[in-house]
Number of protein chains: 2
Amino acid sequence: MITPSREDYLETLFHLESEGVASTTQAIADHLQISAASVSENIKKMAIERFVVHSPYKGVKLTAKGRAVAIDVVRRHRLSERFLVDKLGIKWEEAHREAHRLEHGLSRAVEVRMFELLGNPETCPHGNPVPTLSGKIRDDHSHPLASLNVHDRARIVKITDEEPKQLRYLASIGLMPKTQIRVERKAPFGGAVIVRVGETAYALGNDIARSIWVRKTG
Amino acid sequence: MITPSREDYLETLFHLESEGVASTTQAIADHLQISAASVSENIKKMAIERFVVHSPYKGVKLTAKGRAVAIDVVRRHRLSERFLVDKLGIKWEEAHREAHRLEHGLSRAVEVRMFELLGNPETCPHGNPVPTLSGKIRDDHSHPLASLNVHDRARIVKITDEEPKQLRYLASIGLMPKTQIRVERKAPFGGAVIVRVGETAYALGNDIARSIWVRKTG
DNA sequence: CTCCTGATTTAGGTATACCTAAATCATACA
DNA sequence: TGTATGATTTAGGTATACCTAAATCAGGAG
Ligand SMILES: [Mn+2]
Ligand SMILES: [Mn+2]
Ligand SMILES: [Mn+2]
Ligand SMILES: [Mn+2]
């Protein structure tokens, strides 16, 4: 059996690779909140077990084997979030951390039944796709908020940030998946974006904007 | 944070003490399916941390501190079983082992919401009481099946056995909490009990009978 | 009351998963 | 084209949680 710790490493690698970030020792250490030395050791072991390929001093990449496990964990994570929010009424900004505990306790059988209970959900509460049982991840055809032009209308597809603080803020201004928005103004060179939600306009910093993915509707 | 392993030790001690079995090193080892040597070591540490009192070569007893944690784990275990059976449709004989994975992943907040979702259940699917949030365990006024006399009618309150094989058998003959039964015949000296369920009579061995608790109705 | 035996503990060992501090490496810029 | 600097790995250490084999103990049979 794969340990919870290992599951978290693989999940981290999946996230870094999805975001197009290089999976350096330091990036993994930051994400898991542990020392770079610990990551280095662990990666070495996971390379021996063929979950990753490791080019020392360069970086890490998931193998097909590692990716399969990672996607499995991501599926359990996102289903857990869905359950926590839809069935238990846990706040969406707390769902992520809670799901990180729950995800390791779901057997395949339980995961399958949970998927049904939740009505075969396609996304987590933050809009990220739930991988299929066979490990496929649907393309949601979304683009970064920053790719929109002034006066474009769009619908929020997903929020990739998982920080409770950010999520709480976004929820408070109604910025969640399915929300209809309009770009009012853009600062040059990837600066802030001014976005209208309902009647009100909000300025979103570069950091927060980068985690918002949309589909044009206008 | 208390580890899953520690939670399982405390849970085991709770069960042994409830059943009136002496919490010997060997009994704990059998229950957890690990070596007696491992148990001995671990108990020593848990005694230092005041979860138990240990009289070397004699046995172990939960302290108030240890009992509080144990009851907390038992609550999460029984709620997990309830959830698995009622909401996910997991078979009751598989609920126990699945719950053992799930129970360690529930935060207090999640446990509280889950309790509500399940309609404040008083028992697990096998009839064992769900401890209250404050750690109280309701008395269910039940007695061992063997305490009944011939021709007594009774209602099943709980099945304390957790073996899938036994549970599957009992379910197959309709012997579960709330089932109405009648004692047809008893072998002397704690031997088999012949019990009528609906139209059919079944002989229950001493072992299996000991795990069936009832309340007289006739 | 002594001895035997099974239960228990201790000794010594492994694997995971973390740590800090020291050594080593890659590369960017001066 | 060195060299210093930051990233990475290695060295050495701790804690948990398991193991088998050896030593020790306690209580019942004789
Ligand atoms: Mn996790
Ligand atoms: Mn999510
Ligand atoms: Mn457990
Ligand atoms: Mn139960």
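Every chain is numbered from 1 and lettered A, B, ... according to where its sequence line falls, protein lines coming before strand lines. All values derive from a computational prediction rather than experimental measurement.
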Which residue pairs satisfy the salt bridge (charged side-chain N to carboxylate O under 4.0 Å, His left out) criterion with at least one member in residues 157-166 of chain A, sequence neighbours excluded?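 Matches after skipping sequence neighbours: A/Asp140-A/Lys158.
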With each end axis built from five pairs of C1' atoms, what bend angle do you get for the helix from C/dC1-D/dG30 to C/dA30-D/dT1? Round to 10°.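 End-to-end axis angle for the helix from C/dC1-D/dG30 to C/dA30-D/dT1: 20°, rounded to 10°.
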Aromatic centroids of B/Phe83 and B/Phe115 separated by under 6.0 Å: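 No.
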Under 6.0 Å between the ring centres of B/His104 and A/His104?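 No, too far apart.
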Mind checking what makes salt bridge (Lys or Arg N to Asp or Glu O under 4.0 Å) contact with [X], not counting sequence neighbours?
| X | value |
| --- | --- |
| B/Lys91 | B/Glu94 |
| B/Lys186 | none |
| B/Arg210 | B/Asp207 |
| B/Glu111 | B/Arg75, B/Arg108 |

Pairing residues for B/Arg67 by the side chain to side chain contact (heavy atoms under 4.5 Å, CB included) criterion, not counting sequence neighbours: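 Listed in chain order: B/Phe14, B/Glu17, B/Leu62, B/Ile71.
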So, using side chain to side chain contact (heavy atoms under 4.5 Å, CB included) as the criterion, who are the partners of B/Val69 when residues are at least two apart?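 Expected list: B/Ile2, B/Leu10, B/Phe51, B/Val73.
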For the pair made of CD1 in A/Ile2 and P in C/dA15, what is the distance, rounded to whole Å?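 Nearest whole value for this atom pair: 18 Å.
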Which residues, if any, of residues 25-37 of chain A bring a heavy atom under 4.0 Å of DNA chain D?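 Heavy-atom contacts with DNA chain D come from A/Thr25, A/Gln26, A/Ala36, A/Ala37.
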Restricting to pairs with a member in residues 117-147 of chain B, which pass ring pair (Phe, Tyr, Trp, His ring centres under 6.0 Å), not counting sequence neighbours?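 For residues 117-147 of chain B, and leaving out neighbouring residues, the ring pair (Phe, Tyr, Trp, His ring centres under 6.0 Å) pairs sorted by first residue read B/Trp92-B/His126.
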State whether a side-chain donor-acceptor pair under 3.5 Å links A/Thr132 with A/Ser134.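 Yes.
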Polar side chain donor-acceptor pair, A/His100 to A/Glu103, under 3.5 angstrom: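 Indeed, the side chains of A/His100 and A/Glu103 share at least one donor-acceptor pair under 3.5 Å.
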At under 4.0 Å, does any side-chain N or O of [X] touch on OP1 or OP2 of [N]?
| X | N | value |
| --- | --- | --- |
| A/Tyr9 | C/dT16 | no |
| B/Tyr57 | C/dG6 | no |
| A/Thr3 | C/dT16 | no |

Tell me whether the count of non-hydrogen atoms from other residues, nucleotides or ligands lying under 6.0 Å of CZ in A/Arg138 goes above 12.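 It does: A/Arg138 CZ has more than 12 such atoms within range.
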Tell me which residues in residues 12-23 of chain B put a heavy atom below 4.0 Å from DNA chain C, sorted by number, or none.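 Heavy-atom contacts with DNA chain C come from no residue of residues 12-23 of chain B; none.
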Please list, in numerical order, the residues of residues 39-55 of chain B that have a heavy atom closer than 4.0 Å to any atom of DNA chain C.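 The stretch gives B/Ser40, B/Lys44, B/His54 as the residues lying under 4.0 Å from the strand, ordered by number.
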